[in-house]
Undergrad: 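This structure is in C-alpha cells; I'll ask about it shortly.
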Protein chains: 2
Amino acid sequence: MRIGELCQATGVGIETIRYYEKEGLIPAPARTDNGYRNYGSAHLERLSFIRHCRALDMPLAEIKRMLGFVAHPDADCGDINRLIDEQLARVRVRLKSMRALEKQLSQLRAHCGAGHTAAECGILHELVAAAQGEACACHTKAP
Amino acid sequence: MRIGELCQATGVGIETIRYYEKEGLIPAPARTDNGYRNYGSAHLERLSFIRHCRALDMPLAEIKRMLGFVAHPDADCGDINRLIDEQLARVRVRLKSMRALEKQLSQLRAHCGAGHTAAECGILHELVAAAQGEACACHTKAP
DNA sequence: AAAAACCCTGTAGTGACTTCAGAGTCAATA
DNA sequence: TATTGACTCTGAAGTCACTACAGGGTTTTT
C-alpha cells in the first residue's frame, strides 16, 4: 500500500503521514525498489488509532504514551486511566473558558446594532472601558 | 515607564510586549539615553485593550482591525459588529466541538476503573476498536 | 511521446508567543 | 572600589501540529 492509498484509507494527509513518521509515531515502512513507502495493515491500524486519539484532542506526546500501552499489554491499566483523566481535565478547563468567552462576546455584541459611527459604538466603548478598568485596578503598584 | 513597569501594570510579559511592538500592535516607544524603552500612558491603554481582546480569543490580525476602529472614530460601526459576529461564530464552533469532546472522553473514561493490565483495559479496547471501525467504514475505496 | 498523477527529500511558514545566548546598564552592597 | 544582582537590549531559535513549497524522480494514462 502506497502513501496515497493510506491517505485515502484513513483520511490523513500525505504530508501528515510523513510528519508522523519523522516524529516517531508510526514506524518507517519498507520501501519498494523505486523508493516509495510501502505500508501494511499494521500501519493503517496504528495511523487510525493515532487519528482517533487526535480527534479526542490528545497531544502527540500523550498519543505516544498510549501507543506504548498498546505495545505493552501487561502494563498497569491505571496509567491509562490517569492519562485519560488528565486529558479530560484539560478539555474541561478549556470548555469552561470557552463558555465564559461565548457569554462575554454575546453580551458585548448586544451593546451595538448597526448604523453608528465607531465613536458611538457601544462595543468599542465597552472594550476600551474594560481595558482601562483592568489596567488601573488589577496590576498597578500602590499609588 | 520602563518595560518592566509596563509588564507589572498590565500583566503582560516583557517578551510579549516586545513581540507586539515587532508585530506592529503597539507603536515603538521613545528610548532613554541608555536605549531602554520609555512608555507612556497611551501605551499602557493600548496594551490593555489588546489584552482584553486577546482574552476574548481574538487573533492578533483582528485586534489590529479593532485598533484601526479606535483610531478612526468616524468609521462605520457595522464593521465592528461584523468582526465581533465572526469571532462569536468561531467561538461557538469550537465550543460545540469541545462539548462533543468532553462527552466522548467521559464515556471513554467510564469503560475502565483501575486494577487491570493494559490488555484488559476497556479504554484501550474502545480506542483500538474505534480506530478499526473508522479505518474500515469511512475512507477505504470499494472492496 | 507527452501529459497527468503520483512519489521523494528537505526546507520554510503558520500563530502567538516563549526561551535562550550573549552583552550592556544601573543601584545597592561588601 | 569592586562586585553582585536586577534590569534591559538584540537576534535567533524553539514550541505544537501540521501545511505548503521547491525541485526533482517515477508511473500511469492519454
Undergrad: Once you round it to whole Å, what is the distance between C1' of C/dA5 and CD1 of A/I3?
TA: 15 Å
Undergrad: Quick one: does B/E45's side chain have a donor or acceptor within less than 3.5 Å of a partner on B/A42's backbone?
TA: no
Undergrad: Let me know the distance between CD of B/Q8 and C1' of D/dT8, rounded to the nearest Å.
TA: 15 Å
Undergrad: What about B/Y36, does its side chain sit under 3.5 Å from the base of C/dG24 through a donor-acceptor pair?
TA: yes
Undergrad: Once you round it to whole Å, what is the distance between C1' of C/dA16 and NZ of B/K22?
TA: 11 Å
Undergrad: Would one find a side-chain N or O of B/N34 under 4.0 angstrom from OP1 or OP2 of C/dC26?
TA: yes
Undergrad: In whole Å, I'd like the distance from the CG atom of B/N38 to the P atom of D/dC7.
TA: 17 Å
Undergrad: For A/G13 and for A/D33, find the nucleotide of DNA chain D with the closest heavy atom, then tell me which residue's nucleotide is more 5'.
TA: A/G13
Undergrad: Heavy atoms under 4.0 Å, any strand shown: does A/R37 hit a base, just sugar-phosphate, or nothing?
TA: sugar-phosphate
Undergrad: Starting at CD1 of B/I14 and ending at P of C/dT18, how long is that distance when rounded to a whole Å?
TA: 12 Å
Undergrad: Which residue, A/I80, A/L56, A/V70, forms the side chain to side chain contact (heavy atoms under 4.5 Å, CB included) with B/L127?
TA: A/L56
Undergrad: Looking at side-chain heavy atoms only, is the closest gap between B/D79 and B/R82 below 4.5 Å?
TA: yes
Undergrad: Determine: side-chain N/O of B/Y19 to OP1/OP2 of C/dG15, distance under 4.0 Å, yes or no.
TA: no
Undergrad: Determine whether a donor-acceptor pair (N or O, by modelled atom type, separation under 3.5 Å) exists between the side chain of B/R109 and the backbone of B/C112.
TA: yes
Undergrad: Once you round it to whole Å, what is the distance between C1' of D/dA17 and CE of A/M58?
TA: 16 Å
Undergrad: Whole angstrom is fine here: how far is it from CE in B/M1 over to C1' in D/dC7?
TA: 16 Å
Undergrad: For C/dG10, does either OP1 or OP2 sit under 4.0 Å from a side-chain N or O belonging to A/R18?
TA: no
Undergrad: Is the shortest side-chain N/O distance from A/T16 to OP1 or OP2 of D/dA17 below 4.0 Å?
TA: no
Undergrad: Taking the minimum atom-to-atom distance to the side chain of A/R54, which one of C/dG10, C/dC20, D/dC18 wins?
TA: D/dC18
Undergrad: B/E102 and salt bridge (Lys or Arg N to Asp or Glu O under 4.0 Å): which partner among A/K96, A/R92, A/R94?
TA: A/R92
Undergrad: Give A/R2 one of three labels, base, sugar-phosphate or nothing, depending on what nucleic acid heavy atoms sit under 4.0 Å from its own.
TA: sugar-phosphate
Undergrad: Taking for each residue the nucleotide of DNA chain D bearing the nearest heavy atom, is the 5' side occupied by B/E15 or by B/G4?
TA: B/G4
Undergrad: Please state how far atom CD1 in A/I26 lies from atom P in D/dA17, giving the value in whole angstrom units.
TA: 15 Å
